[in-house]
Amino acid sequence: SKTVTPSSTTTYTVTGTSAAGCTGTATVSVTVNPLPTVTASASPSAICNGESSVITASGANTYSWSGGLGSGASKTVTPSATTTYTVTGTSTAGCTGTATVSVTVNPLPSVTATASPSAICNGATSVLTASGANTYSWSHSLGSGSSKTVSPTGTTTYTVTGTSTAGCTGTATVSVTVNPLPTVTATASPATICNGQTSVITASGANTYSWSHTLGSGSSKTVSPTGTTTYTVTGTSTAGCTGTATVSVTVNPLPSVTAT
């Protein structure tokens, strides 16, 4: 008895000799089936986290995959990290070969977005800034770039999509609160006075008020102009937004009375 490991199909001859010294021969062949050349590929070979890749084996008759993927020439995988898969291919002769294929998983960028300031008065501007990726694309037709200056007319939420150097994307949102300007009004009572008299000018529609003509602050002021005068009041809301109004006090001259 002999154990042989031929590398190709081989025929062996054995000569047997009896106790009487007589001989006989026989031949036996060992057929050597080649191992299958198994190859494996991934399409695509690099994905972003959450995406899928199709891994495909060829070169054999049947295939068995590692990682609990089971059998079959192709498998769709969604690994959460870079993974190497092994496939064992079996030929029709029952011989096996193996191959490996790796799927690289690129992380999604962690995109953040800020607004400075995050609250503005109507008509003012805010600067939106994104970070955490390589390139950025903004909603509301703002285009690309890491920073954008905006002047919304109402409270608005912007979305930015950031793309990493590996082509993976992440999104973030940022809101700009738009506070309305106060509607400031001003009145004079009376609106017409005689020279030397007084009028009370009053503002409303805001939280605090500042008057022209060095009148200082406050919602009401008593004035005694010597000629017709227009006063301007600036009102500030609780949000810090301002509006203005004007009010005029007409001054009529005293008559120049003479007596004879």
Side-chain angles (χ1 to χ4, degrees), residues 111-133 136-162 171-260:
V111 180
T112 59
T114 59
S116 180
S118 59
I120 61 173
C121 300
N122 200 351
T125 61
S126 177
V127 176
L128 311 178
T129 303
S131 60
Y136 306 91
S137 178
W138 295 86
S139 63
H140 294 77
S141 302
L142 294 180
S144 60
S146 60
S147 291
K148 293 291 172 179
T149 299
V150 294
S151 183
T153 57
T155 297
T156 304
T157 298
Y158 299 90
T159 299
V160 61
T161 300
T171 60
T173 59
V174 59
S175 294
V176 177
T177 301
V178 179
N179 294 306
L181 303 181
T183 302
V184 180
T185 59
T187 59
S189 180
T192 303
I193 61 173
C194 297
N195 199 350
Q197 294 179 336
T198 60
S199 176
V200 177
I201 51 177
T202 304
S204 62
N207 186 50
T208 62
Y209 306 91
S210 177
W211 294 86
S212 63
H213 295 77
T214 65
L215 293 179
S217 61
S219 60
S220 292
K221 292 293 173 179
T222 300
V223 293
S224 182
T226 57
T228 296
T229 303
T230 298
Y231 299 91
T232 299
V233 61
T234 300
T236 303
S237 67
T238 53
C241 302
T242 59
T244 60
T246 59
V247 60
S248 294
V249 177
T250 301
V251 178
N252 291 315
L254 301 179
S256 180
V257 179
T258 59
T260 58

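Between Trp211 and Val247, some side-chain heavy-atom pair lies under the 4.5 Å cut-off. Looking at Pro253 and Asn195, their side chains never come closer than 4.5 Å, going by heavy atoms from C-beta outward. For the pair Thr250/Asn252, a side-chain contact is recorded, criterion being any heavy-atom separation below 4.5 Å from C-beta on. The shortest side-chain heavy-atom distance between Pro180 and Cys241 does not fall under the 4.5 Å cut-off. Looking at heavy atoms from C-beta onward, Val251 lies out of side-chain contact with Ser199 at the 4.5 angstrom threshold. Leu215 is listed as a side-chain neighbour of Val223, based on a closest heavy-atom distance under 4.5 Å. Annotation: side chain of Val233 is not in contact with side chain of Ile201 (no heavy-atom distance under 4.5 Å).
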Run the numbers on Thr125 and Ser151 for side chain to side chain donor-acceptor pair (under 3.5 Å), then give the verdict.
CA-CA 5 Å; Thr125 61; Ser151 183; over 6 Å; no
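In summary, the side chains of Thr185 and Ser204 do present a donor paired with an acceptor at a separation below 3.5 Å, with no hydrogens or angles considered. A donor and an acceptor atom, one from each side chain of Thr232 and Thr246, are nowhere located under 3.5 Å apart. At a cut-off of 3.5 Å, with distance as the only test, a side-chain donor of Ser220 or Thr202 sits close to an acceptor on the other residue. Checked by atom type, the side-chain pair Ser131/Thr112 shows a donor-acceptor distance below 3.5 Å.
Partner of Thr230 under the side chain to side chain contact (heavy atoms under 4.5 Å, CB included) criterion, out of Ser248, Pro225, Ser212: Ser248 alone.
Here OG of Ser217 is found 12.0 Å from OH of Tyr209. Values are rounded to the nearest 0.5 Å.
For the pair Ser126 and Pro117, the tightest heavy-atom approach, listed with the atom from each and the gap, is OG-O, 2.5 Å.
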